[in-house]
Amino acid sequence: MSVYRLNKLIRLAPNMTASGRYTTAMQPQRHNTSHSAQAADSPAGHTAFKTLAITTPKPFVFHVELHRPNKLNAINKQMWLEIKDCFEELSTNPDCRAIVLSASGKHFTAGIDLSDMMNLGQQLADTDDCARKGHILERVIKLYQDSISALEQCPKPVITAVHQACIGAGVDLITASDIRYCTQDAFFQVKEVEIGMAADVGTLQRLPKAIGSQSLARELCFTGRRFEAAEAHACGLVSRVFADKESLVSGALALAEQIAQKSPIAVQTTKASMVYSLEHSNQEGLDHIRWYNKLNLQSEDFAQAVAAQLTKDEKPIFAKL
């Protein structure tokens, strides 16, 4: 980059006060509030959830917990719906820049709630027509797929923090996230084959990409065998392992806070480009990021960040997006 360009960027950056700090007309609000799952208004602004607990422990960081501890956080229809609604709302919430997903109680999740599956079976039994049965199943499977995909489609980075059991639909859930941490006692299981079905809401598509090994992914999916935290770390499913749940959640929140301090334009564009590039050629990925950056490089975030790097000043404070 030329000296002329750098000088221009500094001029574009916010004016400096006498103390040497940058000022901006739109400074984000700093806050530290907590919201229970039964609160009248959720942090997302609209919905109160019954199967999720949501707090904002750090500025611009939302902590979402699976909250059916008495059912081992088994995912029932209501939780499927609420996961989708929650992440869709956080996608457009300007106070959210990073999300930590963990779980209350003994386990991360025991997977799909089988009592819900029994209810579905009863619904299917009410009709003898295979086409109509297929119609019912199509709607249910699509709903569950969209729920899991809401994590991937959310422009904000999602960090999952797994303790103890992460079974079946839990693997679907975490492989749709951006970063995965776990405890030493965590274990994982693609259990669908053991209940006579193929996983159909994301694991078969995302797990091989997450671990980078078709051979291992197929072994895990064909056998349904349990694998522990050490193997999950070795194969790349998780990037860090912590001693216990407390240090796990603390580490995940610290990472989320670090991400939330960056330009939301830069972070969200980075996620969009990386997700897009998973399914496209290198050249298509380059075209995609070029289209984004021909606008984003004109942003005040870019000017502020470059100016701060050049002057070794305090970290810039970025406006809400």
Item checked: Chi angles and distances behind the side chain to side chain contact (heavy atoms under 4.5 Å, CB included) call for Phe188, Cys182 -> CA-CA 10 Å; Phe188 306 83; Cys182 76; 4.1 Å; yes
Margin query: Strictly below 4.0 Å, N to O, side chains only: are Glu231 and Arg225 in salt-bridge contact?
Written below: yes
Notebook entry, point to check: Which residues pass the salt bridge (Lys or Arg N to Asp or Glu O under 4.0 Å) test with Glu246, sequence neighbours left out?
Noted result: none
Notebook entry, point to check: Who pairs with Ser115 by side chain to side chain contact (heavy atoms under 4.5 Å, CB included), at least two apart in sequence or on another chain?
Noted result: Asp113
Notebook entry, point to check: How far does CD1 of Ile265 sit from OG of Ser299, to the nearest 0.5 angstrom?
Noted result: 3.5 Å
Check: CD/Glu194 to OG1/Thr223 distance, rounded to the nearest 0.5 angstrom?
Finding: 8.0 Å
Item checked: Tyr181 and Phe242 aromatic ring geometry - parallel, tilted or perpendicular at 30°/60° bounds -> tilted
Check: Has the side chain of Thr109 got a donor or acceptor atom that lies under 3.5 Å from a matching backbone atom of Asn73?
Finding: yes
Notebook entry, point to check: Are the side chain of Gln145 and the backbone of Asp200 linked by a donor-acceptor contact shorter than 3.5 Å?
Noted result: yes
Notebook entry, point to check: So, the side chain of Lys156 versus the backbone of Asn93: is there a donor-acceptor pair under 3.5 Å, distance only?
Noted result: yes
Notebook entry, point to check: Can you tell which of Val171, Val193, Leu207 makes a side chain to side chain contact (heavy atoms under 4.5 Å, CB included) with Cys221?
Noted result: Leu207
Checklist line | NZ on Lys320 to CG on Asp95, rounded to 0.5 Å | finding: 3.5 Å
Note to self: Taking Asp116's backbone N and O only, do any of them form a donor-acceptor pair with Asn76's side chain (distance below 3.5 Å, no angle check)?
What the structure shows: no
Check: Do Glu284 side-chain atoms and Ser281 backbone N/O form a donor-acceptor pair below 3.5 Å?
Finding: yes
Check: Are any of the side-chain nitrogens in Glu138 or Lys142 under 4.0 Å away from the carboxylate oxygens of its partner?
Finding: no
Item checked: Inter- and intrachain pairs under ring-ring contact (aromatic ring centres under 6.0 Å, His included), touching residues 73-96, at least two apart -> Trp80-Tyr144
Item checked: Gly168 backbone acceptor or donor facing Lys191 side chain under 3.5 Å -> no
